[in-house]
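In the text below, chain A, chain B and the rest are named by the order of the sequence lines, each starting its count at 1.
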Amino acid sequence: MPASSRALESLLRELNDAQREAVMTTDGPLLVLAGAGTGKTRVITYRIAHLLLRGVAPENILGVTFTNKAAREMRERIAALTGGRKPRGLTLSTFHALGVRILRAECAAIGLRKNFTICDASDQVSRLRTVLRDIKGPVSAGDARAILATISLAKNRLASPEDLVDDATDEYDYLIARAYLRYQEGLKTQNCVDFDDLILLPARLLESSPEICAHYRQRFRWLLVDEYQDTNGAQYRFTRALVDPARRNVCVVGDDDQSIYGFRGAEMDKILRFEQDFPGARVVKLEENYRSTSDILELANAVISQNAGRHPKRLRATAGRGAPVRWVTVPSSEDEVDWIVREILDLTQRRGSRPDDIAILMRSAMQARPFEEKLRLRRIPYRLIGGQSYFDRKEVRDAIAYWNVAHNPSDDMSLLRIINTPRRGIGNTTIARLDALARDRKESLVATLERVAAGAEGFSSAVRAGAKGLSDAFARAQERARAGRFEELCRGLLDDVSYRDALAELYSDPLTLQSRWGAVEDLLSSVKRFDESPASDGPESFGEFLAALALQGDDDHEDRDEHQHAGLVLQTLHSAKGLEYPVVFLIGVEDESLPHRKSIEDGDRGIEEERRLFYVGITRARQVLYLTSATFRSAYGKEHLRRPSRFLSELRESVGADGLPLSPLWENSSYRPAAKAEGDDVRNYLDEYRRLRELQDG
DNA sequence: GTAATAGTAATTTTT
DNA sequence: TTACTATTAC
C-alpha cells in the first residue's frame, strides 16, 4: 500500500538512529534500554504503528503497560500515527487487565466461576486478619499488613503455600505459610481473586496447559512489555509463557536505572539478564536525552554511575548547559519550606515561571504537609499528587461492596463490610454467630442471612428485621440484574438500604456530606455511562464493569486529575517517575531520608535502589534543579540531626579523586534565616548542632 | 452495641 | 505530631 509506506517513511524520519533501530527491529527478541527522557513512549508507539502500517493484524499485537493511564495514552498516540482511527483488536493493557481477560475466558480451567470478584488491598487485610484469628496468629492490622506483604511477595514469585513450608526455617515462617494457605482457600470458596492472583493464576495456567498457552501464542504474535525493570517474578513468567519459542517476537522496554519498585517485588535482574533469557537478542540503548540541560544530566550520570549492578550507559544532552544545579543547605526543615516558598515566589513573580512549571519532589508523602500549610498561607495554588485515592474513600468502597455482593453472592468479605452499614442491628456478636452458622452449613453468608430473614430460630426480632431489610434489597437487585439495568441495580440497592441517610448521620456538615455522597454519585454516573455503552449486555458485562472499577478504571476521575492544571505540584519521587517539569525542587537530600533509613538497613541493595530514586528525581527536571538538605529535620514531633546525603558526598570524593577536570556538578550555598526580631526564640544553630553532635558521638 | 481513652508505630504504590 | 487500633467503660 503506497499510502501506508509513505506514512511509514515519514514516521521513521522523525526518529534518531537508535530510536529507528528499535522501531524497525520487529522480529526476534529486542531489549530497548530507554534512559530517562530519551523518547521511550515515542519508540513504543512508533514501533506498534510501524507493525500496523506494515500490515500486521492488530489482534496479533499485545502491548503491556503498568498503568491504565499509560495504556490509554499509547492507544491515542498510535491512533494518531495510523491515521486517526483507533485500531480495533489491538490489545494494549496492563498486566492486570490482561489477567482479568484471560481469567474470564479460562475460568473453568482454574476453578473459578465467571462472576468472580476482585478484592482490593484493604479487603485483603480484612481477609488475612480473619485467617490469623482462626489460626491464632497475631491479628493486629500492622502484623496482618506485614504478613500480607510477605504473602504478596511469595505470590509475585509464583510460590505456593507448600513452597513456603519447604523454605520455612522458624515458627513464624510456618505461620505465614499456614496463613497463606487459609487465605487462598477463603478466596476460592468466596469466588474471589486478589490483585496478585490476576497475574499468578493466568501465569500458572499458561505454564501448565499447553493447549491454552498455544491459543494465546497464536493470538499474540508480537509482544511488547513496557517498564520491564518493574516486572515481578509472576509477570516475568506470564510474559515468558506468552512468547512463542518459534517466533520469539518479544520486545521489552525499560531502564534498569529507574527500577524503584523492588519493595513490591520488581526484579530488575530480569532486565539485566534479558540477553541470557533470549540468546541472540538485539539490544538498543537510547541515550540521547531530549529533556534536561547538560548540567542536570551530568549530575544524573555521576550519581547513577555509582551503582554496581546496571547496564552501562550515559545520558547525552541535546539541550545546552542552562543554569547550574543548586544545592542549598538550610538549618532546619522549617527553613527548607521558607526558603523554597520564597524562591518560588521569586520565580513566579520576577522570573517568569508559572506555578505549573514547578514541582516539589520528596522521598515520603509525609514531607508534603508543611509545604501545604505554607503554600496555602501564601495563596500559592498547588496540587498534591497521590495520597489517599478516590477508591480508598469509605463511601466508594461501601458502594462497591454492595454491588460486589449483588454480582457475586459468595463474596462474604464484601458482605461483611456492609452487613451493618447502614446500622441495622447486626453487631459483632451476631456477625460471629452468622459466620459460625455459615461455616457449619458450608453456605455463603448471604444464604445464612436469607435464612435468618426468613425466620431461622435463635435470632432476635431486631436482627431478623435487619437481615430481612438487607436480603430483600439484594433480592430486588437480582431482579434488576436479570433485566440488565445496571444503573437501576446500583442506585436501587443503595436507595433500598438508605445509604445516603447513613452518610448524613455520619457527616453532619452539609458540605462534607455533599462531597461524600458526591463521590457515590460519580460512581453511579459511570455506571450509567456503562449502561448506555454497547458493552453493557448481560450479567457478565456487569462483572466486567466491576472488574474495571477494581482496576481503577473510573475514567471520570482520571480525567478530572488531568484537567486540573492549577498550580505547582507536590509529589513523591515514586509518583513522579515518567513525568517532567521545567523547575524541580528535590527536598530532604539527607541520609536517613534519601537514602531512607529503612533502606540503609537493607544494605547495598537498598542503597542502590535509593540511588536510582535520587536519579529519577534529578532527571525529572528540564531546566532548573534545586536540591535542599536540612541540618535538623522535624519528624514525629522531634528534631533529628541530619547529614547531607551520601549520594552527594560520595561524588565530591570520587570525582575529585579521579582528577577529572570538573565542571562542578552543583553550586553549593547555604541559607540562614535572618534572626527573628525578639531574642527569646532566636536559635543558635551552630551551638545546637555541636550539642547534638556531642550527644550523638558520646 | 457504642463511645471514650490509652497506647503504638511511623517509606515508597499500582493494580 | 498524627493516625490508627485495642481496650475499657458505659
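The 5' end of DNA chain B is approached more closely, in terms of each residue's nearest nucleotide, by A:Ile426 than by the other of A:Leu573 and A:Ile426.
A distance-only check finds a donor-acceptor pair linking the side chain of A:Gln229 to the backbone of A:Asp255 [under 3.5 Å]. Within the 3.5 Å criterion, the main-chain N or O of A:Leu579 finds a donor-acceptor partner in the side chain of A:Arg620.
The distance from atom CD1 of A:Ile419 to atom C1' of B:dG1 is 15 Å, rounded to the nearest whole Å.
Contacts of A:Phe195 with the nucleic acid, taken as non-hydrogen atoms under 4.0 Å apart, include base atoms.
Applying the 90° criterion around 0 to the glycosidic angle, B:dT11 comes out syn.
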Sort me out a list of protein N/O and nucleotides 2-6 of chain C N/O pairs below 3.5 Å, or just none if empty.
unit_1, atom_1, unit_2, atom_2, d
C:dA3, OP1, A:Arg369, NH2, 3.1
C:dA6, OP1, A:Arg129, NH2, 2.6
C:dA6, OP2, A:Arg129, NH2, 3.2

Would you tabulate the pairs of protein nitrogen or oxygen atoms and nucleotide nitrogen or oxygen atoms of nucleotides 2-12 of chain B closer than 3.5 angstrom?
unit_1, atom_1, unit_2, atom_2, d
B:dT2, OP1, A:Arg423, NE, 3.4
B:dT11, O4', A:His596, NE2, 3.3
B:dT12, OP1, A:Ala365, N, 2.8
B:dT12, O4', A:Arg363, NH1, 3.0
B:dT12, O2, A:Arg363, NH2, 3.2

Taking only N/O atoms, report every protein-nucleotides 8-10 of chain C pair under 3.5 Å with atom names and distance.
none

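Ionic pairing of A:Arg310 and A:Glu608 is not present here: no N-O contact between side-chain nitrogen and carboxylate oxygen is shorter than 4.0 angstrom. For the pair A:Arg417 and A:Asp123, the salt-bridge criterion is not met [side-chain N within less than 4.0 Å of a carboxylate O]. In this structure, A:Glu336 pairs ionically with A:Arg633, as a charged nitrogen and a carboxylate oxygen lie closer than 4.0 Å. Ion pairing between A:Asp411 and A:Arg127 holds under the 4.0 Å rule for side-chain N and carboxylate O. By the 4.0 Å N-to-carboxylate-O rule, A:Asp591 lies close enough to A:Arg646 to be salt-bridged with it.
The side chain of A:Thr430 contributes an N or O atom lying less than 4.0 Å from OP1 or OP2 of B:dG1. Contact between the side-chain N/O atoms of A:Asn68 and the OP1/OP2 oxygens of B:dT15 is found at a separation under 4.0 Å.
In this view, A:Arg597 and A:Glu592, A:Glu601 satisfy the side-chain contact (heavy atoms from CB on, under 4.5 Å) rule, not counting sequence neighbours.
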Contacts under 3.5 angstrom, residues 98-106 of chain A side chains, donor-acceptor by atom type, not counting sequence neighbours:
unit_1, atom_1, unit_2, atom_2, d
A:Glu106, OE2, A:Tyr216, OH, 2.7

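By the 30° and 60° cut-offs, the orientation of the rings of A:Phe545 relative to A:Trp403 is tilted. Aromatic ring pairs are classed by plane angle as parallel below 30°, tilted from 30° to 60° and perpendicular above 60°; the pair A:His574 and A:Phe263 is perpendicular. Ring planes of A:Phe238 and A:Phe95: tilted class, angle from 30 to 60°.
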- prompt: In dot-bracket, 5' to 3', how would DNA chain B read with Watson-Crick or G-U wobble pairs under 3.5 Å, [ ] for crossing ones and | for pairs to another strand?
  reply: ||||||||||.....
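Looking at A:Ser332 and A:Glu639, their side chains never bring a donor and an acceptor atom within 3.5 Å of each other.
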